[in-house]
Each structure stands twice: as structure tokens, then as C-alpha cells.
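All values derive from a computational prediction rather than experimental measurement.
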Amino acid sequence: MAVPLSSASAPAPVSFGERWPPKNSARISRGKFSLTAISLDDYLPMRSTEVKNRTSTGDITSLRVITAVKTPYLPDGRFDLEAYDSLINMQIEGGAEGVIVGGTTGEGHLMSWDEHIMLIGHTVNCFGTKIKVVGNTGSNSTREAIHATEQGFADIPPAVIEAVSSFSNMAGVKECVGHERVKCYTDKGITIWSGNDDECHDSRWKYGATGVISVASNLIPGLMRKLMYEGENTALNDKLLPLMKWLFCQPNPIALNTALAQLGVARPVFRLPYVPLPLEKRVEFVRIVESIGRENFVGQKEARVLDDDDFVLISRY
């Protein structure tokens, strides 16, 4: 559930053929990749107190495919809202029913609060009538992270989830521990989405999960919808497993960002500390696309192997 805000106007898009970075940004080189240092002082969202398009917990519990959507960037490090809107439209056209904005995959932890809230509001205002929008409004805190490390960290225990599930505001749980934990909850009537693309087929059809909160659906929304809606399909699942494994060969969303750049649907711009996958993994992705079929992926351009120099890394944002 999100409170939408009016979106800030997007800066003029920069084509892949233009020189990066823009003249008003400072560029330095470290290693193989280019770095851009920029200031976002002028990038603040417009504000509105209007609340609309609220999503109830009941609306959410019926969703089968929820995409943890990627946030694309312009070469100066700001949000590329044109590319972002295109990605959301691809999700709608591909059959995804919901998007999570500013989560781990969307790099919410690399955003300022102004950026974070603006993007949620922009998504609700522009797409809230066509797709369910779940805005991630959690926060990272160094102090809390240190405390959690010192005290020990676990997955929230089932007893807590079971107790909280009695509250009407709880829609369900994204579960990444595995099938047995999924079944533990679904046997008690708790709505569960698999948080693991490579386990979601079995979680859905064998262990009672409602659906998946997916990274892979950024790339193949139609096939992920088919996997969640059209019954048990081991052949399709096996066909998609190499892609799902590839997407998590390094911490998410490194591979996803690399893939979307290779497909030509997002500029090859990374906010540090994330950097592109190494060349051999980019080559592997092109082969995976060929094996699954380019027509099943978002975008219209052929998948290509980008060189190291094709990527821009943003050091300040």
C-alpha cells in the first residue's frame, strides 16, 4: 500500500549512441569501468497529500506473479523514468499482476528518501489502475545492522508469522527459506509467495504457495505467468532454471541489471557498489536467451555481449 506523490519531471533521455557522461558531470576511471560523480541537489519530487488507488490486503492475496522491478538510471545517475515506464508496461503486457518498487532488486537501499518516495508515487499515479503496486518503505540502518550482527540474526520464526497473520493488515509472506517452510504456513491458511525463482514452480504446485515474487519476471513475465497459472509444467521449469541460476550467480540485482542492459531495455548504468557481471557471464546470458527464445524476453533488440567500456558506474548519487 502506498501514498502516491506527483512525480518529478524526467530529464531528457540519452541514447546509447551519445557520449557518456554528460558534460556537467565529473568522470574518473578506476580499473576497467568508467565512473561518474554527480550531484542530485536539483532532483527532488513534487509533493501531494492526495491518496488514491489504495490496494487492500484482499487484492494482494490473489496475485500469482509479482515482479520485484528493476530501477533504471540515466548516465548521470538519476532515474531513467522513460525506461522505467517502459519496463512497467512490459510487465503489464507480459501478464505480471503486481510490482514491488524500491525493494532489493529495485535498489531501494541505494536511493535517497526523496527518490524512493517519488518512484513509488510515480508508479502508483501512472500505473495504479493497471497493476498492483507494492512500495517498499523499509529502511537500512548501520546501527541496527551492527546490533543484529552482534545479537545474531534469523528468519522471523514461524510462531511470530502465525501470530501476526491474524491481523487484517497482513496480506501474506514472501518466503525464501524453502518448500517445507512454505508448507508450514500454507497448511495454516497463510498466503505465501515464493521468493526464490528456482523454487517457485514446486512451491506453487506442490506446497501450496499462492505465487512468486520474482526477479526473473523482469525478463520473462509471460513465461513466469505461465509457470504460475497453467498447472504443473516441469519441462518449462527445467528450461528456465539455467536463467534463474544465472540471475543469482552474484548478489541480486547485479545479473538482472547486466541482462537488461544486454537486452537494450535499460542503459548500462550501475550505481556503485554494484558493477556488471564479468565478460564470460555476459556471453553465457546471450546463450541462455538463445536457448529459451528471444521472443520470450522483454524488449525488441537482440541480446548482445557488451564490452567493459560500454558500462558507466556512478560513484556519487
Practice item. Tell me, with the steps shown, if F270 and T258 meet side chain to side chain contact (heavy atoms under 4.5 Å, CB included). Key: CA-CA 9 Å; F270 281 67; T258 305; 3.6 Å; yes

Using the rule given for salt bridge (Lys or Arg N to Asp or Glu O under 4.0 Å), can you reason through R204 versus E230, listing the C-alpha separation, both sets of side-chain angles and the distance that settles it, and then say yes or no?
CA-CA 11 Å; R204 168 79 175 100; E230 298 185 10; over 6 Å; no

Side chain to side chain contact (heavy atoms under 4.5 Å, CB included) between H122 and F79: does it pass, once the steps are laid out?
CA-CA 11 Å; H122 172 82; F79 293 160; over 6 Å; no

- request: Could you walk me through whether T191 and Y185 pass the side chain to side chain contact (heavy atoms under 4.5 Å, CB included) test, one step at a time?
  value: CA-CA 8 Å; T191 300; Y185 292 141; over 6 Å; no

| message | Please evaluate residues V99 and K132 with respect to the criterion side chain to side chain contact (heavy atoms under 4.5 Å, CB included), reporting the C-alpha separation (whole Å), side-chain torsions for both, the decisive distance (0.1 Å), and the verdict. | response | CA-CA 6 Å; V99 290; K132 299 301 181 185; over 6 Å; no

| task | Kindly determine whether K183 and E180 satisfy salt bridge (Lys or Arg N to Asp or Glu O under 4.0 Å), including the steps that lead there. | result | CA-CA 5 Å; K183 189 173 187 302; E180 295 306 319; over 6 Å; no

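The CE atom of M244 lies 11.0 Å from the CD atom of E199; values are rounded to the nearest 0.5 Å. H179 contributes atom NE2, which lies 12.0 Å from atom OG1 of T186 (distance to the nearest 0.5 angstrom). Here the straight-line distance linking atom CE of M90 with atom OG1 of T67 works out to 12.5 Å at 0.5 Å rounding. Taking CD of Q250 as the start and CG of L256 as the end, the distance is 13.5 Å to the nearest 0.5 Å. Considering NZ of K70 and CG of L219, their distance stands at 11.0 Å, rounded to 0.5 Å. Taking CD of E93 as the reference point, atom NZ of K130 lies at 9.0 Å (rounded to 0.5 Å).
Without hydrogens or angle criteria, T71 side chain to G106 main chain gives a donor-acceptor distance under 3.5 Å. Using modelled atom types, no side-chain atom of S194 and backbone atom of I213 make a donor-acceptor pair closer than 3.5 Å. A donor-acceptor pair is defined here as one N or O able to donate and one able to accept, closer than 3.5 Å; no such pair exists between the side chain of S86 and the backbone of E82. Checked by atom type and distance alone, the side chain of W193 pairs as donor or acceptor with a backbone atom of L63 at under 3.5 Å. Using modelled atom types, one side-chain atom of N125 and one backbone atom of G121 make a donor-acceptor pair closer than 3.5 Å. Although no hydrogens or angles enter the test, the distance criterion places a donor-acceptor pair under 3.5 Å between the side chain of H116 and the main chain of N136. A donor-acceptor contact shorter than 3.5 Å is absent between the side chain of N196 and the backbone of D198. With hydrogens and angles ignored, the 3.5 Å screen pairs a side-chain donor or acceptor of N233 with a backbone N or O of L236. In this structure, the side chain of R271 engages the main chain of L110 through a donor-acceptor pair within 3.5 Å. With hydrogens and angles disregarded, a donor-acceptor distance shorter than 3.5 Å links the side chain of D197 to the backbone of V215.
Counting only heavy atoms from C-beta outward, the side chains of K206 and E232 approach each other to under 4.5 Å. I92 places a side-chain heavy atom less than 4.5 Å from the side chain of F127. Between R181 and P158 the shortest side-chain heavy-atom distance falls below 4.5 Å. Side chains of L313 and V275 form a contact here, defined as non-hydrogen atoms less than 4.5 Å apart. Counting heavy atoms from C-beta outward, T210 and T61 have side chains that stay 4.5 Å or more apart. Using a 4.5 Å heavy-atom threshold, the side chains of I161 and M170 count as touching. Contact annotation: the side chain of T105 never approaches that of V69 to less than 4.5 Å [non-hydrogen atoms, C-beta and beyond]. Two residues are said to be in side-chain contact when any heavy atoms from C-beta on lie closer than 4.5 Å; Y73 and D80 fail this criterion.
The existence of a salt bridge linking E162 and K188 is confirmed by a sub-4.0 Å separation between a basic side-chain nitrogen and an acidic carboxylate oxygen. Electrostatic pairing of E290 and R304 does not count as a salt bridge here, judged by no charged N lying under 4.0 Å from a carboxylate O.
When all heavy atoms are compared, the tightest approach of G195 to C176 is CA-SG, 3.7 Å. Residues L260 and V298 approach most closely at CD2-CG2, 4.2 Å, considering heavy atoms. Considering all non-hydrogen atoms of both residues, P221 and Q91 come closest at CB-OE1, 3.8 Å. Taking every heavy atom of both residues into account, T57 and S168 meet most closely at OG1-O, 3.2 Å. L306 and P268 make their closest contact through CD1-CB, 4.1 Å (heavy atoms, listed as atom of the first residue, atom of the second, distance). Taking every heavy atom of both residues into account, L272 and S315 meet most closely at CD1-CA, 3.8 Å.
Atom CD of E280 has more than 12 neighbouring heavy atoms from other residues, nucleotides or ligands inside a 6.0 Å radius. The environment of R294 atom CZ is dense: over 12 non-hydrogen atoms of other residues, nucleotides or ligands sit within 6.0 angstrom.
Checking Y317 against S112 by side-chain atom types alone, no donor-acceptor pair falls below 3.5 Å. With 3.5 Å as the limit, one finds a donor-acceptor pair spanning the side chains of N257 and E107.
Connection of L247 to L279 is not established within any shared hydrophobic cluster, with ILVMFWY side chains joined at heavy-atom distances below 4.5 Å, either directly or through further cluster members. Taking hydrophobic clusters as Ile, Leu, Val, Met, Phe, Trp and Tyr residues chained together by side-chain heavy-atom distances below 4.5 Å, W246 does not share a cluster with V286. Hydrophobic clustering places F297 together with L241 (ILVMFWY residues linked when any side-chain heavy atoms are closer than 4.5 Å, directly or through intermediates). In the hydrophobic clustering of ILVMFWY residues, with side-chain heavy atoms under 4.5 Å counting as a link, I156 and I192 come out together. W205 and L240 are members of different hydrophobic clusters when ILVMFWY side chains are connected at heavy-atom separations under 4.5 Å.
For the pair R282 and F285, the cation-pi test (distance below 6.0 Å, angle within 45°) is failed.
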